[in-house]
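Remember, predicted model here, so these are calculated numbers, not experimental data.
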Amino acid sequence: MASDAGIDIESLLSEARSFAPPDDFVAHANVHGRAEYDALCKRAADDPEAFWGECARNLDWFAPFSKVLDWQFPFAKWFIGGKINAAYNCLDRHLKGPRRNKAAIIWEGEPGDSRVLTYQMLADEVARAANALKELGVKDGDRVAIYMPLVPEAAIAMLACARIGAIHSVVFGGFSAEALADRIIDAEAKVCITADGGWRRGAHVDLKANVDEALAKCPSVEKTLVVRRVGSDIKMKSGRDVWWHEIVPRQSAQCAAAELDSTHPLYTLYTSGTTGKPKGVLHTIGGYLTHTLMTMKWVFDLKDDDIYWCTADIGWVTGHSYTVYGPLAAGATVLMYEGAPNHPENDRFWRLIEKYRVSIFYTAPTAIRTFIKWGDSWVKKHDLSSLRLLGSVGEPINPEAWMWYRKTIGADRCPIVDTWWQTETGGIMISPVPGAIPTKPGSATRPLPGVAAEVVTREGKPVEAGQGGMLVVRRPWPGMLSTIFRDPDRYKSSYFSQIEGCYFTGDGARRDADGYFWIMGRVDDVINVSGHRLGTMEIESALVSHATVAEAACVGRPDEMKGQAVVAFVTLEGGRHGDDKLKEELRKHVVKEIGALARPEEIRFTEALPKTRSGKIMRRLLRQIASGDETLGDTSTLEDLSVLARLRDDEE
Ligand code: PRX
């Protein structure tokens, strides 16, 4: 059976290869060996609150918490009574010892320019930026939108917000002006931090132009703060737009970190769900930071002399948790790279690893499959012997890609951590602990200590080994979202209404006889393109907003490179007939409404969409058609899909 994620779960389950942690890795690992791992898991299971309380004490608190967890189903509050600041934990506490002069961020721009910021330098910049935000009128609890290229100022902006208790809402720079406006409006952001542009494949991405277009619809935004990155000629609106270089450098490098409640919001990040507009996932300080810090130690086995590189853009949760908060809270040296992996040539990533002696490398299966396509010769040109650990995130990794990653990048020497988690979980939930758990290609292996993940039936009953089911989490965990921004009902209905008493992830999974988890991908109407979540509803709304479109239904089709590709079934107004020109126009329209990542790979015009008697679109049928399921015969010429629907009406 091919799962929604486009991987063949049957063959995954018969995957017999297993790789024990290498002895020399185990000898130096933060969690070394199975016995230590088992003891950790047992402690966490026996008394989760005591366990997480102990973990949280790895952070610096202005005032200690008096209670670990307040759980009023389904709302969790972590580390009650504790006073804390995320920026303080990522910066100030490292200034007291030898990390003060350690590189916090090593950054390289796409054109090849580079900067190094030590912890002291980063702390000074964050304080200046925080003072600048104050001058612009930002206060505790205000929302700040961040729409930036991957430059150090993006991380500085996030930490500056965190320092003064403002809530940042980062929007991926690849989203369109429309998508940016939707997110700014929902968050009611007061300030928007952006740049004149960013570099991507040798060209400028005109971020400021998108901001200008978006802000025409966003009355809440009083000021924008603009980083000069590419030096392009942009319009600055007088009274609203302020250059970063004109306001930040003249600020004091002293800015006391606000002493905030552990449950104070840290950020919102919008993510796609089954219905409606993207949801503002809200994370709070104490729990989130505890989870991201601990996973840096357990999963990435971080040591003080590592050079750690997570390739995710800051616009996604991976960039939040594992480029900024987790690694900096742990005192890591983080590599940040602004641009594309194939600029100027296909070996840019390997060049970077060699140049900066990267030891921990974390990327996505889509990227890995692309590297395979480009060929091993690009890799072979470079000395990658500094690597000691590899990671994967965002979508299921097929065993072939996993094996290539292990052999060609990791020289059969580096353990691979396939990390399963979500925007909502805040941090990694299921992953090998590399010095303790043997890995199997394609499996995220086991839940981390303290994570009560299970595979259950729709009725919430545990399934037997080898059986597929719904991936749920039974108990709260520190990194879990606290709610959907200003919409607690949506929080309840999105995550706690499907399976009684549990958080439902939206993913299907199986567990094998060793208790290893095999993630099968989404079971809802979310499409995972290149590790990025898109709600079918969002793309459908974008299509329907075009004057010619009467109705649209989008599904994911397995795609060798991207994991899934978007296929749109479209019916046109007034029985109009579509042609290639219109297809192209509709594609452009979706890009304008959402961004290039939502661009449908294929558009099929149809006179009707298959629906059940109650009017529900039969997505499963469309998925089968989109992926060319042979049992249906050739449906490519079938214009009236309702014919097919009538035949299969009973199934849905
Ligand atoms: O379907 C799972 C998939 O990505 C979804 C979460 O997407 P997002 O919130 O954008 O966060 C991505 C980065 C954490 C999940 O519901 N997913 C993520 N990691 C994996 C994965 N699927 C399989 N294996 C993974 N390692």
Side-chain angles (χ1 to χ4, degrees), residues 107-113 115 144-158 168-185 187 189 191-218 220-248 270 278 312-316 319 336-344 348 529-530 532 534 538 542 545 584-585 587-599:
W107 172 84
E108 187 164 302
E110 195 186 72
D113 47 340
R115 285 161 70 186
V144 174
I146 299 179
Y147 183 65
M148 292 184 85
L150 198 49
V151 291
E153 282 77 7
I156 293 167
M158 290 163 76
H168 59 71
S169 170
V170 183
V171 180
F172 173 54
F175 278 123
S176 67
E178 294 285 339
L180 173 64
D182 285 347
R183 287 156 175 78
I184 292 179
I185 291 166
V191 164
C192 177
I193 308 180
T194 186
D196 55 353
W199 287 101
R200 191 82 192 168
R201 278 188 205 97
H204 296 169
V205 181
D206 293 327
L207 296 169
K208 178 62 166 55
N210 284 349
V211 168
D212 290 341
E213 193 184 330
L215 292 195
K217 293 191 206 158
C218 303
S220 65
V221 175
E222 294 166 12
K223 298 280 179 191
T224 70
L225 185 54
V226 187
V227 172
R228 180 177 279 158
R229 165 62 189 137
V230 294
S232 59
D233 195 13
I234 56 162
K235 284 197 208 87
M236 293 291 278
K237 186 171 171 187
S238 132
R240 186 194 71 184
D241 298 349
V242 182
W243 282 109
W244 179 287
H245 60 262
E246 286 180 0
I247 186 172
V248 176
Y270 286 81
D313 189 273
I314 217 107
W316 308 109
M336 270 170 82
Y337 166 61
E338 176 189 29
N342 56 350
H343 189 84
R348 185 63 180 272
V529 179
S530 302
H532 300 136
L534 290 166
E538 283 168 76
S545 73
E584 208 32 51
E585 195 178 316
R587 285 201 180 95
K588 281 204 187 118
H589 185 69
V590 172
V591 172
K592 182 172 180 308
E593 293 289 309
I594 306 176
L597 73 162
R599 189 176 196 274

Q: In plain terms, say whether Lys208 and Asp233 are close enough for a salt bridge, that is, a side-chain N and a carboxylate O under 4.0 Å apart.
A: no
Q. Can a cation-pi geometry be assigned to Arg228 and Trp243, taking NZ or CZ under 6.0 Å from the six-membered ring centre and within 45° of the ring axis?
A. yes
**Q.** Ion pair check, Glu338 and Arg229, cut-off under 4.0 Å
**A.** yes
Q | Heavy-atom closest contact (Gly197 atom, Pro149 atom, distance) | A | O-CG, 3.5 Å
Q. Is there side-chain contact between Val226 and Trp244, with at least one heavy-atom pair below 4.5 Å?
A. no
Q) Going from CG on Leu180 to CZ on Phe172, what distance comes out if it is rounded to the nearest 0.5 angstrom? A) 12.5 Å
Q. Which pair of heavy atoms, one from Tyr270 and one from Pro278, lies closest together, and at what distance?
A. CD2-O, 3.7 Å
Q: Working to the nearest 0.5 Å, report the span between CG of Asp196 and NZ of Lys235.
A: 14.0 Å
Q. Would you say the side-chain atoms of Arg599 pair up with the backbone N or O of Gly595, donor to acceptor, closer than 3.5 Å?
A. no
Q: Would you check if the side chain of Asn210 reaches a backbone N or O of Ser176 as a donor-acceptor pair within less than 3.5 Å?
A: no
**Q.** Check ion pair Lys592-Glu178 (N to O, under 4.0 angstrom)
**A.** yes
**Q.** Nearest heavy atoms of Ile247 and Leu225, plus distance in Å
**A.** CG2-CD1, 3.4 Å
(Q) Using a strict threshold of under 4.0 Å (side-chain N to carboxylate O), is an ion pair present between Asp212 and Arg240? (A) yes
Q.
Could you check whether Arg348 pairs with Glu108 (Lys NZ or Arg NE/NH1/NH2 to Asp/Glu carboxylate O, under 4.0 Å)?
A. yes
(Q) I'd like to know if the side chain of Glu222 and the backbone of Val191 have a donor-acceptor N/O pair within less than 3.5 Å. (A) no
Q. Is there side-chain contact between Lys223 and Cys192, with heavy atoms separated by less than 4.5 Å?
A. no
**Q.** Nearest heavy-atom neighbours spanning Leu150 and Tyr337
**A.** CD2-O, 3.2 Å
Q: Identify the residue among Ile185, Val211, Asp182 that makes a side chain to side chain contact (heavy atoms under 4.5 Å, CB included) with Cys218.
A: Ile185
Q.
Closer than 3.5 angstrom, by distance alone: can the side chain of His532 be matched with the main-chain N or O of Leu597 as a donor-acceptor pair?
A. no
Q: Please tell me if the side chains of Arg183 and Phe175 come closer than 4.5 Å, counting only heavy atoms from C-beta onward.
A: yes
(Q) Ignoring hydrogens, what is the shortest heavy-atom contact between Glu153 and Met148? Give both atom names and the distance. (A) CB-CE, 3.7 Å
Q) Under 3.5 Å, side chain of Thr224 to main-chain N/O of Ile193, donor-acceptor pair present? A) no
Q) Are the side chains of Thr194 and Val227 in touch, meaning some heavy atoms are under 4.5 Å apart? A) no
**Q.** Salt bridge present between Arg587 and Glu593 (N-O < 4.0 angstrom)
**A.** no
Q: List the atom of Gly173, the atom of Leu207, and the distance in Å for their closest heavy-atom pair.
A: O-CD2, 3.6 Å
